[in-house]
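Data block below; observations after.
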Amino acid sequence: MGECLFCKIAAKEIPAAVVYEDDALLAFKDIFPQAPVHLLIIPKAHCAGLCDMTPAIAEAAGRVPQVAVQLAREAGVEESGWRLLANCGPDSGQSVFHLHFHLLGGKALGGRLCQ
Ligand code: 5GP
Ligand code: ZN
């Protein structure tokens, strides 16, 4: 996936502020943060979105909540609250077509999930 931005971040061809890495997952700070804590958690292997997961990627993605808890704790928002979400497809506003989960926190995020 030569032109995929997040593949390039996973391959360290494009710099990112990495906060977590294991064999299959990478987490880094969002470049345009929408909250004081705004991290992206991705499978290293390319996958366009939730609908395109292979069994191996689904297995890696299944560990994302655990990783998110650890990152929320490290970012100091475990108690104040945080949100984990993935956009999928045009109506969600997904703009990068490499599966990623947003971890947002550090401010009141609002009760509405859509406007
Ligand atoms: P989406 O809208 O696809 O759910 O989220 C894509 C996210 O990727 C956006 O929040 C955007 O700010 C972030 N993003 C886009 N380009 C880059 C980049 O080059 N580096 C980092 N760290 N984040 C990026
Ligand atoms: Zn990719």
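When a ligand or atom number is given, it counts from 1 through the structure's own listing order. Quick caveat: nothing in here was measured; it's all calculated off a predicted structure.
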### Message
Can you see whether Gln70 engages Gln66 through a side-chain donor-acceptor pair at a distance of less than 3.5 angstrom?
### Response
no

Pairs of nitrogen or oxygen atoms, one from ligand 1 and one from the protein, closer than 3.5 Å: please tabulate them with distances.
{"residue": "ligand 1", "atom": "2 (O)", "partner": "Gly93", "partner atom": "O", "Å": "3.4"}
{"residue": "ligand 1", "atom": "2 (O)", "partner": "Ser95", "partner atom": "N", "Å": "3.4"}
{"residue": "ligand 1", "atom": "2 (O)", "partner": "Ser95", "partner atom": "OG", "Å": "3.0"}
{"residue": "ligand 1", "atom": "3 (O)", "partner": "Ser95", "partner atom": "N", "Å": "2.7"}
{"residue": "ligand 1", "atom": "3 (O)", "partner": "Ser95", "partner atom": "OG", "Å": "3.2"}
{"residue": "ligand 1", "atom": "3 (O)", "partner": "Val96", "partner atom": "N", "Å": "2.9"}
{"residue": "ligand 1", "atom": "3 (O)", "partner": "His100", "partner atom": "NE2", "Å": "3.0"}
{"residue": "ligand 1", "atom": "4 (O)", "partner": "Asn87", "partner atom": "ND2", "Å": "2.8"}
{"residue": "ligand 1", "atom": "4 (O)", "partner": "His100", "partner atom": "NE2", "Å": "2.9"}
{"residue": "ligand 1", "atom": "4 (O)", "partner": "His102", "partner atom": "NE2", "Å": "2.8"}
{"residue": "ligand 1", "atom": "5 (O)", "partner": "His100", "partner atom": "NE2", "Å": "3.0"}
{"residue": "ligand 1", "atom": "5 (O)", "partner": "His102", "partner atom": "NE2", "Å": "3.3"}
{"residue": "ligand 1", "atom": "10 (O)", "partner": "Asp30", "partner atom": "OD1", "Å": "3.3"}
{"residue": "ligand 1", "atom": "10 (O)", "partner": "Asp30", "partner atom": "OD2", "Å": "2.5"}
{"residue": "ligand 1", "atom": "12 (O)", "partner": "Asp30", "partner atom": "OD1", "Å": "2.5"}
{"residue": "ligand 1", "atom": "12 (O)", "partner": "Asp30", "partner atom": "OD2", "Å": "3.4"}
{"residue": "ligand 1", "atom": "22 (N)", "partner": "Lys29", "partner atom": "O", "Å": "2.9"}
{"residue": "ligand 1", "atom": "22 (N)", "partner": "Ile31", "partner atom": "N", "Å": "3.4"}
{"residue": "ligand 1", "atom": "23 (N)", "partner": "Ile31", "partner atom": "N", "Å": "3.3"}

### Query
Which N, O or S atom name in His46 marks its closest approach to the Zn ion (ligand 2)?
ND1

### Message
Could you identify the N, O or S atom of His98 positioned closest to the Zn ion (ligand 2)?
### Response
ND1

#### Entry: N, O or S from Cys47 under 2.8 Å to the Zn ion (ligand 2)
no

### Task
Could you note down all residue pairs passing ring pair (Phe, Tyr, Trp, His ring centres under 6.0 Å) where residues 9-33 supplies at least one of them, sequence neighbours left out?
Phe6-Phe28

### Task
For Arg83, enumerate each residue passing the salt bridge (charged side-chain N to carboxylate O under 4.0 Å, His left out) test, keeping only those at least two apart in sequence or located in another chain.
none

### Task
Flag the pair Ile42 / Leu99 as yes when at least one side-chain heavy-atom distance between them is below 4.5 Å, and no otherwise.
no

### SG (Cys7) to the Zn ion (ligand 2) to SG (Cys4) angle, given to the nearest 10 degrees
120°

### Query
Do other residues, nucleotides or ligands put more than 12 heavy atoms under 6.0 Å from Glu74 CD?
yes

### Message
With a 4.0 Å cut-off on N to O distance, would you call Glu78 and Arg73 a salt bridge?
### Response
yes

### Query
Which pairs count as side-chain hydrogen bond (donor to acceptor under 3.5 Å, both in side chains) when at least one residue sits in residues 23-38, sequence neighbours excluded?
Asp30-His38, His38-His102

### Query
Taking all atoms of both residues into account, what is the closest heavy-atom pair of Ala10 and Lys44, and its distance?
CB-O, 4.0 Å

